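The structure displayed is predicted, hence computed values, not measured ones. Below, each value reflects all heavy atoms present in this structure, side chains not excepted, and no hydrogens, waters or symmetry copies. Heads up: numbering here begins at 1 and tracks the sequence.
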Amino acid sequence: MPEIIKIDNNTWRIEDGFVRFFLLEGEEKAALIDSGVNCPNAHDIAKELTGKPIILLNTHGDGDHTSGTGGFTDIYIHPSDYDACDMKNNYPNTSMIPLNDGDIIDLGNRPVKIIHIPGHTKGSVAFLDMAKRVLYAGDSVQKGHIFMFGTKRCPELYERSLDKLIAIKSEYDCIYASHDSFMLSGDYAEKVKEAWKKVQSGEVSYEMTELHGNSVKSYTTPVCGFYME
Ligand SMILES: [Zn+2]
């Protein structure tokens, strides 16, 4: 069973093994940010916590973030991940509503801004909880290893995406991550960018490791890690 932890009076984190997802409640509706790796009943879990109608906002389409998708009729996800993550085939009965860069979804006195940050996947987005000054960055900013191998990824766009988060750092005080440490400091995107640049320039050594049947390079830095081709 996932562990449910209340963060404040209208925000929860749901710890689903190695990944977590979040419930944000506004005055009119609530949003689940992702739905875990082993939670086909994510909608039911959220319904226990809020009486408001619940929408599903996806940081991206990877399987460890989308297990509860089938419990929703409408899900919000960036169009670049419809195909990249095979969402239409995996969830044929679900309608996908596009998340676009700069859109604001208001949950009722709780606006959430969409920031498209391709890199980890083509359709990765961050959600800025504007009133609470919290950034939900999915897998793109975290302390654990960030997957950057395979056809879903676009590492060539990742640094520019981190720059986008850094450019708006005056709008958030901290970052909530989907893996590893839950809360990161507001300057963590800058730290990840420095680590990424060091990996790109060959300053960080790697070990080969087996992951999902692939032989990949594992880079580890004090800030975060990367799995690469
Ligand atoms: Zn993930």
Only residue of Asp103, Asp101, Leu57 satisfying side chain to side chain contact (heavy atoms under 4.5 Å, CB included) with Ile114 is Asp103
Can you tell if the side chain of His145 reaches within under 4.5 Å of the side chain of Thr220, non-hydrogen atoms only?
-> yes
Report the distance from atom CD of Glu203 to atom OG1 of Thr221, rounding to the nearest 0.5 Å.
-> 11.5 Å
Pair Asn100-His78, side-chain donor/acceptor within less than 3.5 Å = no
Would Ile117 end up clustered with Tyr172 when hydrophobic side chains under 4.5 Å apart are linked, directly or stepwise?
-> yes
Between Lys152 and Asp62, does at least one N-O distance fall below 4.0 Å, as a salt bridge requires?
-> yes
With distance as the sole criterion, is a donor-acceptor pair present between the side chains of Asp180 and Gln142 under 3.5 Å?
-> no
Electrostatic pair Lys132:Asp8 at N-O distance under 4.0 angstrom | yes
Before accepting this row, confirm whether a basic side-chain N of the pair Lys169/Asp187 lies closer than 4.0 Å to the acidic partner's carboxylate O.
-> no
Under-4.0 Å salt bridge between Arg20 and Asp64 = no
For the student: nearest non-hydrogen atoms of Gly150 and Glu229, plus distance = N-OE2, 2.8 Å
If you measure only the distance, is there a donor-acceptor pair under 3.5 Å linking the side chains of Ser124 and Thr121?
-> yes
Pair His179 and Phe18, ring centroids less than 6.0 Å apart | yes
With side chains defined as the heavy atoms from C-beta onward, is the minimum distance between Ser140 and His120 less than 4.5 Å?
-> yes
Geometric cation-pi criterion Lys88 and Tyr82, 6.0 Å radius, 45° cone = no
Side chain proximity check, Phe21 to Cys39, heavy atoms < 4.5 angstrom | yes
Side chains of Phe127 and Thr59: does their closest heavy-atom pair fall under 4.5 Å?
-> yes
Find out whether Asp74 and Thr94 are in side-chain contact, i.e. whether some heavy atom of one side chain is under 4.5 Å from a heavy atom of the other.
-> no
In terms of hydrophobic clusters joined by side-chain contacts under 4.5 Å, are Tyr227 and Val141 together?
-> no
Ignoring hydrogens and angles, state whether a donor on the side chain of Glu25 or Thr50 is under 3.5 Å from an acceptor on the partner side chain.
-> yes
Asp34 versus His65, side-chain donor and acceptor atoms under 3.5 Å = yes
Would you say Trp196 and Glu159 make side-chain contact, with heavy atoms under 4.5 Å?
-> yes
Will you find, in the side chains of Asn10 and Lys52, an N or O donor that is under 3.5 Å from an N or O acceptor?
-> no
Please report the shortest heavy-atom distance between Ser185 and Ile175, naming the atom on each side.
-> O-CD1, 3.8 Å
How about Phe226 and Tyr219: are their ring centres within less than 6.0 Å of each other?
-> no
Answer yes or no: is there a side-chain heavy-atom contact under 4.5 Å between Leu32 and Phe22?
-> no
Transitive ILVMFWY side-chain link Leu135 to Ile146, under 4.5 Å = yes
Distance under 6.0 Å and angle within 45° of the ring axis: does Arg13 meet both against Phe182?
-> yes
Would you mind reporting whether Val223 and Glu194 have side-chain heavy atoms less than 4.5 Å apart?
-> no
Cut-off 3.5 Å, side chains only: do Glu207 and Thr209 have a donor facing an acceptor?
-> no
Among side-chain atoms of Asp81 and His60, is any donor-acceptor pair under 3.5 angstrom?
-> no
